Asker: 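Next up is a structure, given as structure tokens.
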Protein chains: 2
Amino acid sequence: MGENNAAEILRKAGMKKTAGRVALLKLLLESEKPLSQQEISRMLKGVELNYVSIYRSLEAFCRAGITHRIETGDRTWRFAVCSCGGRGHCHPHFICNSCGAAECLRGMEIPELPAVNREYVVEATEFYLKGLCARCSSEV
Amino acid sequence: MGENNAAEILRKAGMKKTAGRVALLKLLLESEKPLSQQEISRMLKGVELNYVSIYRSLEAFCRAGITHRIETGDRTWRFAVCSCGGRGHCHPHFICNSCGAAECLRGMEIPELPAVNREYVVEATEFYLKGLCARCSSEV
DNA sequence: ACTTAACTGCAAATAACTTGCATTTAAATA
DNA sequence: TATTTAAATGCAAGTTATTTGCAGTTAAGT
Ligand SMILES: [Mn+2]
Ligand SMILES: [Mn+2]
Ligand SMILES: [Zn+2]
Ligand SMILES: [Zn+2]
């Protein structure tokens with residue numbers, strides 16, 4: 001099911017259905033947290049997909065509105081699928097200062113800001129909560 | 001005046017009043033926009049301050065609550081003084097997708113979010129608006 | 001089957017930071 | 001004022017996430 005789903009998403013986005021991309025997208029579809037390239041490489045067991053290709057695929061996914069990119073502040077990026085289809089974030093993200101994990105706060109919306117100066121064109125907004133995740137905050 | 005101000009801030013923070021740090025802090029105090037290390041190096045004319053020292057000073061400033069750090073999304077950091085004295089952001093930031101410039105939206109506040117799950121400890125929030133700055137949006 | 005643009009892998013490059021270490025210096029103290 | 005010391009500095013080298021160039025492969029349309 002996840003596999004068909006991935007293939008279908010690729011098709012709709014006009015991308016080739018390659019083993020690597022299907023596996024990558026399936027992984028992202030099943031992951032509850034945004035993943036970094038390293039995490040993806042580690043988790044993509046059994047499927048060889050060069051890390052450069054992972055980056056290129058992730059970029060294509062983001063361009064197509066399939067995924068969005070999260071900046072965790074440690075100079076790495078994490079990626080997560082989002083069904084909103086837009087190119088930006090549609091919800092806030094939590095980032096753990098201790099373990100670095102990111103989390104999509106899917107239940108929430110990014111609050112609106114009182115209009116910015118008209119000279120600016122706002123294309124996207126990002127809202128980050130930083131602190132300690134459940135696991136890290138409960139550590140002794 | 002800016003110089004005395006910088007020296008005073010350093011003193012209050014328990015830092016040594018060195019020529020380099022005074023010049024750096026003075027530059028940040030006078031800058032209307034957050035600056036990257038490279039921009040700082042370029043602008044610090046007449047004062048030799050190694051770029052490693054710039055990074056180390058900026059880190060010390062942030063720890064002391066003198067400055068805050070902004071992530072522009074292009075994997076660089078920018079720094080700006082903030083009088084709130086806190087360690088996090090106290091206002092949203094605008095980031096230009098075209099020229100990469102950042103801007104402190106000092107007039108605004110970062111909106112509150114409806115309480116997150118109690119297991120999480122939220123230590124700071126960051127709000128970014130991304131789009132085209134005044135200059136870039138008016139280009140033909 | 002043929003064609004072609006999309007995709008991939010490999011090696012090398014980039015660039016923003018970080019680290020180690022030896023030297024200097026502001027400023028506290030005697 | 002001389003002494004002391006922790007903080008600050010400079011330089012060289014290291015780290016690492018991401019990018020780029022290029023040549024070879026392959027999905028998918030004809
Ligand atoms: Mn998300
Ligand atoms: Mn600011
Ligand atoms: Zn955590
Ligand atoms: Zn701009």
Side-chain angles (χ1 to χ4, degrees), chain A residues 3-4 6-26 34-42 44 46-64 66-79 95 100-102, chain B residues 3-4 6-27 34-42 44 46-64 66-67 69-79 95 100-102:
Chain A
E3 204 144 327
N4 293 335
E8 176 66 9
I9 292 172
L10 289 175
R11 199 187 54 71
K12 273 189 190 157
M15 295 178 192
K16 277 191 186 177
K17 177 189 156 192
T18 67
R21 290 203 167 175
V22 170
L24 169 59
L25 184 47
K26 187 165 172 287
L35 301 175
S36 66
Q37 172 270 311
Q38 288 212 15
E39 291 171 322
I40 290 169
S41 287
R42 239 179 281 125
L44 267 188
V47 184
E48 275 314 316
L49 185 60
N50 186 270
Y51 74 94
V52 176
S53 298
I54 293 178
Y55 276 118
R56 291 198 265 231
S57 294
L58 291 171
E59 200 206 330
F61 290 173
C62 286
R63 257 203 322 272
I66 297 171
T67 57
H68 57 268
R69 202 179 76 181
I70 293 126
E71 325 222 351
T72 41
D74 57 354
R75 299 176 50 71
T76 69
W77 294 335
R78 287 167 194 249
F79 299 83
I95 290 158
Chain B
E3 206 143 327
N4 293 335
E8 177 66 9
I9 292 171
L10 288 175
R11 200 187 53 71
K12 274 190 189 155
M15 294 179 194
K16 278 189 185 177
K17 178 189 155 192
T18 66
R21 290 202 167 177
V22 169
L24 170 59
L25 185 47
K26 186 164 173 290
L27 178 65
L35 301 176
S36 66
Q37 171 270 312
Q38 288 212 14
E39 290 170 324
I40 290 169
S41 288
R42 236 179 283 124
L44 268 188
V47 185
E48 274 313 315
L49 186 58
N50 186 272
Y51 73 93
V52 175
S53 299
I54 293 179
Y55 277 118
R56 290 198 266 233
S57 294
L58 291 171
E59 199 205 331
F61 290 172
C62 285
R63 257 203 322 272
I66 298 171
T67 57
R69 201 179 76 180
I70 293 128
E71 323 222 354
T72 41
D74 58 353
R75 300 176 50 72
T76 69
W77 295 333
R78 286 164 195 251
F79 300 83
I95 290 158

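Treat the numbers as computed from the prediction; the structure is a model and nothing was measured. Chain letters run A, B, ... following the sequence lines, proteins first, then strands; residues in each count from 1.
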Asker: Would you find a donor on one side and an acceptor on the other, under 3.5 Å apart, between the side chain of A:Ser57 and the backbone of A:Arg21?
Answerer: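 Between the backbone of A:Arg21 and the side chain of A:Ser57 there is no qualifying donor-acceptor contact (under 3.5 Å).
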Asker: Quick one: does A:Arg78's side chain have a donor or acceptor within less than 3.5 Å of a partner on A:Ser36's backbone?
Answerer: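 No, A:Arg78 side chain to A:Ser36 backbone: no donor-acceptor pair under 3.5 Å.
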Asker: Look at the side chain of B:Arg69 and the backbone N and O of B:Phe79, then say whether any donor-acceptor pair between them is shorter than 3.5 Å.
Answerer: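 Answer holds: no.
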Asker: Filter on salt bridge (Lys or Arg N to Asp or Glu O under 4.0 Å), then keep only pairs touching residues 46-60 of chain B, sequence neighbours left out; what's left?
Answerer: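 Sorted result for residues 46-60 of chain B: B:Glu59-B:Arg63.
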Asker: To the nearest Å, give me how far apart CZ (A:Arg21) and C1' (C:dG9) are.
Answerer: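 My rounded result for the distance is 14 Å.
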Asker: Can you tell me the distance, in whole Å, between the CG atom of B:Leu58 and the C1' atom of D:dT9?
Answerer: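 The answer, rounded to whole Å, is 14 Å.
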Asker: Treat primed atoms plus P, OP1 and OP2 as sugar-phosphate and everything else as base, then score nucleotides 24-30 of chain C 5' to 3': B for base contact with protein heavy atoms under 4.0 Å, S for sugar-phosphate contact only, - for none.
Answerer: -BBS---
Asker: Indicate the atoms forming the closest heavy-atom contact of A:Ile95 with A:Thr72, along with that distance.
Answerer: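 Minimum heavy-atom contact is CG2-O, 3.6 Å.
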Asker: Between B:Ile40 (CD1) and C:dC17 (C1'), how many Å, whole number?
Answerer: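 From B:Ile40 CD1 to C:dC17 C1': 13 Å.
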Asker: Who pairs with B:Lys17 by side-chain contact (heavy atoms from CB on, under 4.5 Å), at least two apart in sequence or on another chain?
Answerer: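 Expected list: B:Ala7, B:Val22.
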Asker: Can you measure B:Leu24 atom CG to D:dA8 atom C1' for me and round it to whole angstrom units?
Answerer: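 Spelled out: CG on B:Leu24 to C1' on D:dA8 is 13 Å.
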Asker: List the residues meeting side-chain hydrogen bond (donor to acceptor under 3.5 Å, both in side chains) with B:Ser53, not counting sequence neighbours, and say none if there are none.
Answerer: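 If we apply the side-chain hydrogen bond (donor to acceptor under 3.5 Å, both in side chains) test to B:Ser53, skipping adjacent residues, there are no hits.
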Asker: Whole-Å distance between C:dA16 P and B:Leu35 CG?
Answerer: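 My rounded result for the distance is 15 Å.
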Asker: How would you summarise protein contacts on nucleotides 12-24 of chain D per nucleotide, using B for base, S for sugar-phosphate only and - for none, with heavy-atom distances below 4.0 Å?
Answerer: BB---SBBBB---
Asker: Report the residues that fulfil side-chain contact (heavy atoms from CB on, under 4.5 Å) with A:Ala23, sequence neighbours left out, ordered by chain and then residue number.
Answerer: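 Residues passing side-chain contact (heavy atoms from CB on, under 4.5 Å) with A:Ala23: A:Leu44, A:Val47.
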Asker: Rounded to whole angstroms, how far apart are CZ on A:Phe61 and P on C:dA6?
Answerer: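 Rounded to whole Å, this separation is 16 Å.
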